[in-house]
Amino acid sequence: MPDPIVTRFAPSPTGFLHIGGGRTALFNWLLAKKLGGKMLLRIEDTDRARSTKEAIDAILDGLHWLGLTWDGDVVYQFARAARHREVAEDMLAKGKAYHCYATPEELEAMREEAKAQGKPMRYDGRWRDRSETDRQEAAARGLKPVIRLKAPQTGETVVEDLVQGRVTWANENLDDLVLLRSDGTPTYMLAVVVDDHDMAVTHIIRGDDHLTNAARQTQIYEANGWKVPAMAHIPLIHGADGAKLSKRHGALGVDAYRALGYLPAALRNYLVRLGWSFGDQEIFSTEEMIAAFDLKNVGRSPARFDFAKLENINGHYMRHTPDAELMAAIEQVLPHIEGGAEIAARLDGGLRAKWLEAMPGLKERAKTLVELIDGAKFLYAARPLALDDKARDILDKGGRAVLKALLPRLEAVTQWDAATLEAAVRAESEATGQKLGMLAQPLRAALTGRSTSPGIFDVFAVIGREESLARIRDQA
RNA sequence: GCGCCCUUCGUCUAUCGGUUAGGACGACAGCCUUUCACGUUGUAAAGACGGGUUCGAUUCCCGUAGGGCGCGCCA
């Protein structure tokens with residue numbers, strides 16, 4: 001029986017879950033779902049100085065929001081330090097590693113010299129074959145050794161990558177990396193290998209910034225006689241200018257995307273198509289995504305993050321989300337957006353009902369939840385309405401007279417629904433020879449305070465007779 | 001500097017040696033229309049460059065250029 005599929009997402013908690021990490025998690029999650037396996041979550045918190053509880057919470061929160069669930073308990077790497085040390089000692093005992101007493105100053109000097117001579121900056125292996133007496137002497141001088149891997153110096157190390165293909169390094173280009181620091185704590189390189197092995201990980205999907213690490217980690221696997229998991233190094237996401245994603249571009253935490261009003265399903269859809277494709281298909285339900293996903297179709301070149309496309313996809317998802325569901329999404333996002341708390345406080349049953357009624361007109365005019373929420377302001381705006389510049393302009397340039405003329409007709413309407421109101425306004429249009437737009441725009445300005453809104457007769461209906469007439473009288 | 005990787009419309013991408021190089025976003029134009037949208041129709045827009053291999057290269061090989069990543073007792 002083949003091994004059960006196990007993927008893992010292994011972020012280091014030194015900051016929020018950024019968009020590239022989100023995509024890496026998504027790919028791991030998709031592969032696990034597709035193959036009926038599990039996705040594990042490991043927090044790589046061995047850097048005690050930089051790891052924070054806030055970052056861990058942000059990462060877990062981000063994954064939850066994105067809808068990416070992991071199996072089993074979260075593994076905290078730092079808690080496994082004793083096991084890592086045990087492996088390092090074991091490698092030492094087997095002659096696969098050795099004590100190195102080179103000081104940080106020595107190492108720095110070595111790098112300086114290599115740089116000056118235009119040579120590769122690598123550890124030169126000066127303690128690799130030292131005698132036991134040399135080591136004892138160094139220890140006697142009070143030096144604390146690190147444990148380094150006794151890496152092969154000839155031949156090559158090969159990574160059969162599911163995305164990158166077969167990638168080869170001459171071993172002479174790879175130096176003896178540190179496995180255990182002089183203070184007895186494991187390095188990332190050792191910890192990752194030991195953990196992935198112990199956690200029975202079968203597929204490692206991560207950013208291709210780890211590709212070189214893959215070679216060095218392969219050497220550690222081989223030194224221990226362990227099976228090397230399948231690896232897939234996916235290209236990084238770049239900013240719109242092609243440079244590495246920075247805070248200026250889109251290297252925001254996924255929580256920022258929530259605050260910008262994107263739907264998790266839309267972000268997932270956008271992210272999965274960055275570097276991966278399935279023919280000409282652009283929109284994928286979660287089920288379709290899982291069924292179609294395949295590492296074979298992941299490209300090798302980096303993709304640029306494009307907010308315009310994300311907005312388009314988000315708009316698509318909003319228009320196709322049932323109104324009640326969208327309402328729930330709005331209420332969930334309110335605490336995360338500016339001014340959301342006040343809106344949440346006003347959102348009683350009455351407003352919710354109105355909002356739901358207006359939703360069809362609202363959602364096709366917004367690309368994000370934030371835009372949708374903004375567009376809904378007329379539902380609860382206090383009289384007299386604040387007018388934006390364009391609305392004021394419409395009213396100042398003849399709009400008020402139009403409103404005065406329309407008022408009697410509107411006041412005469414008793415059956416306050418869109419069709420009846422439209423008939424009334426059209427009657428005025430025909431009577432005076434003014435185009436419908438000439439009448440609709442002043443009404444829109446008076447009812448919403450803006451020059452754009454959902455269909456004006458729907459606005460009438462949602463706002464209700466008394467409020468509508470009052471808003472018109474305010475401006476007439 | 002050394003190593004590894006990448007290179008099709010502005011952007012995301014399709015193409016498994018032979019295509020009018022396709023789709024999507026964005027842009028522009030038209031239609032629809034009470035505004036804005038939605039929808040819809042159409043237009044412009046690409047194989048980095050130079051050599052090979054081949055009857056035939058976007059596709060395979062080499063080189064050049066450009067870009068990315070890595071080179072810590074960080075992860």
Side-chain angles (χ1 to χ4, degrees), chain A residues 10-14 44-47 49-51 77 100 102-104 107-108 111 114-123 144-148 159 161 164-165 167-170 173-175 177-183 185 187-189 191-192 207-216 233 235-236 238 240 242-244 270 273-283 297 299-313 315 319 361-367 375 390 394 422 425-426 429 435-441 443-445 448 450-457:
Chain A
S12 58
T14 55
E44 313 225 307
D45 56 349
T46 52
D47 185 339
R50 294 199 300 153
S51 298
Q77 191 161 61
C100 166
T103 62
L107 262 17
E108 183 54 32
R111 276 189 285 270
K115 194 173 179 182
Q117 295 183 11
K119 289 185 175 167
M121 296 181 275
R122 283 184 268 113
Y123 171 69
K144 296 273 186 211
V146 298
I147 295 180
R148 282 185 187 271
V159 171
D161 195 277
Q164 303 290 332
V167 187
T168 306
W169 287 263
N173 290 320
L174 268 14
D175 62 5
L177 65 273
V178 174
L179 298 169
L180 203 69
R181 301 188 187 102
S182 54
D183 66 358
T185 59
T187 61
Y188 162 81
M189 217 61 82
V192 168
D208 72 8
D209 50 337
H210 285 284
L211 189 56
T212 310
N213 291 338
R216 322 191 73 173
H233 289 88
L236 266 18
H238 288 176
K244 189 177 181 178
Y270 174 70
R273 282 285 289 105
L274 225 45
W276 173 80
S277 61
F278 188 68
D280 284 341
Q281 191 170 345
E282 299 281 350
I283 302 295
N297 298 322
R300 284 190 276 178
S301 55
R304 302 187 187 201
F305 194 89
D306 181 11
F307 270 103
K309 185 132 188 182
L310 207 212
E311 287 210 334
N312 171 274
I313 289 177
R319 292 192 294 280
L362 253 17
K363 72 181 180 185
E364 72 175 30
R365 288 173 171 74
K367 291 195 171 68
K390 286 178 183 170
I394 289 167
E422 178 164 358
V425 175
R426 281 193 186 277
S429 167
K435 281 188 175 176
L436 194 54
M438 294 297 290
L439 308 181
Q441 280 306 79
L443 288 171
R444 191 182 318 278
T448 69
R450 300 183 181 186
S451 60
T452 66
S453 79
I456 194 62
F457 304 110

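Letters go in sequence order (proteins before strands), and every chain restarts at 1.
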What integer number of Å spans the [atom1] atoms of [N] and [M]?
N: B/G67; M: B/C31; atom1: C1'; value: 43 Å
N: B/U8; M: B/U13; atom1: C1'; value: 9 Å
N: B/G50; M: B/A45; atom1: C1'; value: 25 Å
N: B/A14; M: B/G3; atom1: P; value: 30 Å
N: B/A44; M: B/C9; atom1: C1'; value: 10 Å

Worksheet item: 5'-most contact on RNA chain B: A/Glu282 or A/Asp183, nearest heavy atom basis?
Response: A/Glu282
Rounded to whole angstrom units, what separation is found between the [atom1] atom of [X] and the [atom2] atom of [N]?
X: A/Asn213; N: B/G72; atom1: CG; atom2: C1'; value: 11 Å
X: A/Leu179; N: B/A75; atom1: CG; atom2: P; value: 13 Å
X: A/Leu177; N: B/G70; atom1: CG; atom2: P; value: 16 Å
X: A/Asp161; N: B/C69; atom1: CG; atom2: P; value: 18 Å
X: A/Glu108; N: B/C71; atom1: CD; atom2: P; value: 15 Å
X: A/Asp175; N: B/G72; atom1: CG; atom2: P; value: 7 Å

Discussion item. For nucleotides 27-47 of chain B, give me one character per nucleotide, 5' to 3': B if any protein heavy atom sits under 4.0 Å from the base, S if the only such contacts are to the sugar-phosphate, - if neither.
Written reply: -------BBBBSS--------
Discussion item. Each nucleotide in nucleotides 3-11 of chain B should get exactly one letter: B, S or -. Can you fill that in based on protein heavy atoms under 4.0 Å?
Written reply: BSSSS---S
Looking at [N], which nucleotide sits across from it as a Watson-Crick or G-U wobble partner, both distances under 3.5 angstrom, or is there none?
N: B/A57; result: none
N: B/A48; result: B/U64
N: B/C32; result: none
N: B/C38; result: none
N: B/G72; result: none
N: B/U8; result: none
N: B/U43; result: B/A27

Look at all strands and tell whether [X] reaches a base, only sugar-phosphate, or nothing, counting heavy atoms closer than 4.0 Å.
X: A/Ala214; result: nothing
X: A/Thr46; result: sugar-phosphate
X: A/Met189; result: base
X: A/Arg111; result: sugar-phosphate

Practice prompt. Respond yes when some side-chain nitrogen or oxygen of A/Arg216 is under 4.0 Å from OP1 or OP2 of B/G70, and no when none is.
Written response: no
Please report the interatomic distance [atom1]([X]) to [atom2]([Y]), rounded to the nearest 0.5 Å.
X: A/Thr168; Y: A/Asn173; atom1: OG1; atom2: CG; answer: 12.0 Å
X: A/Arg273; Y: A/Leu310; atom1: CZ; atom2: CG; answer: 13.0 Å
X: A/Lys309; Y: A/Arg304; atom1: NZ; atom2: CZ; answer: 15.0 Å
X: A/Ser301; Y: A/Leu236; atom1: OG; atom2: CG; answer: 12.0 Å
X: A/Arg111; Y: A/Met121; atom1: CZ; atom2: CE; answer: 9.0 Å

Worksheet item: Per the side chain to side chain donor-acceptor pair (under 3.5 Å) rule, which among A/Arg216, A/Arg122, A/Arg148 passes with A/Asp175?
Response: A/Arg216
Shorter than 3.5 Å, N or O on both sides, protein versus nucleotides 14-16 of chain B: list them out with atom names.
unit_1, atom_1, unit_2, atom_2, d
B/A14, OP1, A/Ser277, OG, 3.2

Item to complete: Take the angle between the ring planes of A/Phe278 and A/Trp276 and call it parallel below 30°, perpendicular above 60°, tilted in between.
Response: parallel
What residues form a side chain to side chain contact (heavy atoms under 4.5 Å, CB included) with [X], not counting sequence neighbours?
X: A/Asn213; value: A/Tyr188, A/Met189, A/His210, A/Gln217
X: A/Pro302; value: A/His238
X: A/Arg365; value: A/Pro454

Worksheet item: Looking at A/Phe307 versus A/Tyr270, is the centre-to-centre ring distance below 6.0 Å?
Response: no
Discussion item. For a 4.5 angstrom cut-off between non-hydrogen side-chain atoms, does A/Gln164 reach A/Val159?
Written reply: no
Practice prompt. Indicate, yes or no, whether a donor-acceptor pair under 3.5 Å links the base of B/A24 to the side chain of A/Asn312.
Written response: no
Worksheet item: Can you tell me if NZ on A/Lys363 sees more than 12 non-hydrogen neighbours from other groups inside 6.0 Å?
Response: yes
